[in-house]
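Values in this document were obtained by computation on a predicted structure and should not be read as measured data.
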Amino acid sequence: MPRTLLLKNADLLVTMDDARREIADGGVYVADNAIVAVGASAELPQVADEVIDLAGHVLLPGLVNTHHHMYQSLTRAVPAAQDAELFGWLKALYPIWAGLTPEMVHVSTQTAMAELILSGCTTSSDHLYIYPNGCRLDDSIAAAEAIGMRFHAARGSMSVGESKGGLPPDRVVEEEAAILRDSQRLIETFHDSGRYAMRRVVVAPCSPFSVSRDLMREAAQLARSYKVSLHTHLAENDNDVAYSREVFGMTPADYAEDLGWVGRDVWHAHCVKLDEAGIRLFGRTGTGVAHCPCSNMRLASGIAPIGRMRCEGVPVGLGVDGCASNDAGHLLGEARQAMLLARVGHGPAAMSARQALEIATRGGAEVLNRDDIGALAPGMAADMVAFDLRTLGFAGARHDPLAALVFCAPAQVAVSVINGRVIVRDGHILTIDLPVLVERHNALARRLINGETA
């Protein structure tokens with residue numbers, strides 16, 4: 001017999017389904033890891049193995065994070081990188097990241113995931129592209145499995161060091177043949193292509209200034225032979241665009257098209273400086289974009305043309321980006337920032353609260369090429385989160401609970417369900433000992449910054 005779960009009596013149920021229904025006094029009925037029924041609480045089955053009363057809460061689909069570098073949670077607010085743009089920021093941090101260890105990757109991944117989960121995120125990608133001292137993507141995958149997060153593990157890579165005209169130091173790059181072999185190993189070992197998959201593997205060379213065109217082409221061929229997704233950084237700031245024009249003689253969008261890096265199985269991070277032709281190209285081909293507003297502001301990269309992208313049909317999701325360029329991993333806060341930044345650039349009607357949450361849910365699911373997350377409807381994965389509207393931050397805003405989630409100060413979840421499993425209850429994460437994790441994380445961060453060996 002399937003295990004059943006009933007969440008009922010939510011002040012507002014935000015489905016994000018095809019009709020974008022918002023249901024007062026709503027609820028969701030779950031069997032094992034899938035949604036069976038969604039609707040008014042009185043219309044749902046009233047008996048379940050577990051019942052959670054959500055009176056005073058808003059219930060919505062779990063948020064989807066499409067771009068992160070979780071290891072960077074060890075290097076937040078590093079003084080040498082506080083006031084730099086992208087290239088200077090990277091050059092300040094590469095030598096520090098060269099000291100990463102497998103334990104640091106595992107602990108930092110769980111720390112970043114805990115922060116995401118408590119902010120309303122249930123699915124996240126992570127782009128790990130630096131592998132010193134025996135680090136492997138396996139370390140991140142094990143951390144995700146233990147904490148219970150739905151995970152798209154992106155096997156990043158850097159192969160062009162300073163001696164070959166790239167940005168990273170030679171000591172943190174890898175041989176391209178080894179990158180492709182390990183990518184294949186990870187796909188064959190960990191990738192799950194099935195519906196409701198908790199773990200997928202992504203092939204993800206890092207950026208135009210850290211890998212060769214040959215690696216980009218071969219990575220695309222490898223990914224498509226296994227039917228897995230592709231991910232990289234593109235057009236992040238003016239220096240990034242200038243590098244593409246100088247080294248490759250083409251715009252970032254032309255570079256992506258030339259290498260076969262467009263299509264529904266591809267998404268690019270940032271695209272702050274994607275030109276009009278590039279926007280139309282991405283719209284025609286269904287190529288996705290991970291919008292990272294906080295990081296883009298922190299590094300003074302600019303305001304991504306998200307409105308134009310969505311008008312052209314470009315799939316757009318949200319990403320918190322690395323914890324060293326955002327210094328936070330609050331995905332609901334990222335949705336708020338996306339709305340505010342769009343208005344700074346393009347006026348008060350540029351993005352509504354509902355549009356921001358749509359990007360954070362359905363948009364992220366589309367970018368990750370999934371049709372089983374991002375909305376609450378029968379047959380969808382049982383990923384959902386509830387926020388308590390009775391807290392101080394929502395005082396005076398309960399006349400529109402959905403808008404309050406985005407306009408008011410970012411809140412932490414009261415309840416999180418991932419794959420039908422309760423991961424957060426009463427605001428407390430159940431799968432890890434958070435104080436112990438944070439203490440160990442801080443000890444490892446000090447060791448990394450100070451260049452200490454184990």
Side-chain angles (χ1 to χ4, degrees), residues 67-100 104 108 111-112 115 126-130 132 156-173 204-211 232-247 252 268-274 290-304 318-330 333-334 337-338 340-341 344-345 442 444-451:
H67 186 63
H68 208 329
H69 307 293
M70 295 183 180
Y71 73 90
Q72 292 181 13
S73 61
L74 293 159
T75 53
R76 301 192 216 231
V78 171
Q82 287 179 9
D83 303 313
E85 58 77 46
L86 175 63
F87 282 16
W89 175 86
L90 283 168
K91 287 181 177 179
L93 289 169
Y94 281 140
I96 298 174
W97 296 335
L100 283 170
M104 289 176 183
S108 62
T111 301
E115 187 174 14
D126 183 47
H127 192 190
L128 180 62
Y129 57 79
I130 186 167
S157 55
M158 298 190 295
S159 65
V160 178
E162 289 175 323
S163 65
K164 296 180 181 178
L167 196 69
D170 287 352
R171 69 181 184 276
V172 298
V173 303
C206 184
S207 59
F209 49 81
S210 63
V211 299
T232 192
H233 297 85
L234 195 75
E236 186 167 351
N237 73 357
D238 289 332
N239 287 335
D240 193 359
V241 175
Y243 183 95
S244 290
R245 288 188 176 278
E246 180 180 346
V247 176
H268 298 271
H270 301 294
C271 295
V272 175
K273 300 296 181 177
L274 194 65
H291 178 40
C292 307
C294 287
S295 176
N296 295 342
M297 288 188 292
R298 206 273 211 187
L299 297 176
S301 297
I303 303 174
L318 280 184
V320 298
D321 200 13
C323 288
S325 64
N326 183 330
D327 305 278
H330 198 298
E334 203 74 33
Q337 204 63 65
L340 298 178
L341 186 59
V344 167
N442 283 329
L444 292 172
R446 286 191 298 271
R447 181 186 300 171
L448 182 63
I449 294 295
N450 293 334

How long is the span from the [atom1] atom in [X] to the [atom2] atom in [Y], to the nearest 0.5 Å?
X: H68; Y: S295; atom1: NE2; atom2: OG; result: 11.0 Å
X: H127; Y: T232; atom1: NE2; atom2: OG1; result: 6.0 Å
X: L74; Y: T111; atom1: CG; atom2: OG1; result: 7.5 Å
X: N239; Y: S244; atom1: CG; atom2: OG; result: 11.0 Å
X: F209; Y: F87; atom1: CZ; atom2: CZ; result: 4.5 Å
X: H270; Y: L234; atom1: NE2; atom2: CG; result: 10.5 Å

Check whether any side-chain heavy atom of [X] lies under 4.5 Å from a side-chain heavy atom of [Y], and answer yes or no.
X: P293; Y: E334; answer: yes
X: V78; Y: I449; answer: yes
X: C206; Y: H233; answer: yes
X: H330; Y: V320; answer: no
X: Y94; Y: M158; answer: yes
X: C271; Y: H291; answer: no
X: W97; Y: V172; answer: no
X: L299; Y: E236; answer: yes

Any salt bridge linking R298 with D327? Criterion: basic side-chain nitrogen under 4.0 Å from a carboxylate oxygen.
yes
Between V272 and N237, does the side chain to side chain contact (heavy atoms under 4.5 Å, CB included) criterion hold? Intermediate values first, please.
CA-CA 6 Å; V272 175; N237 73 357; over 6 Å; no
Donor-acceptor check, side chain of E162 to backbone of D170, threshold 3.5 angstrom: yes or no?
no
Side chain E85, main chain G88, donor-acceptor under 3.5 Å
yes
Could you report the tightest heavy-atom contact between [X] and [Y], atom names first, then the distance?
X: V211; Y: S159; value: CA-OG, 3.6 Å
X: I96; Y: A92; value: CD1-O, 4.0 Å
X: E115; Y: C323; value: OE1-SG, 4.4 Å

Side chains of D321 and H67: any donor to acceptor distance under 3.5 Å?
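D321 and H67 do have a side-chain donor-acceptor pair below 3.5 Å.
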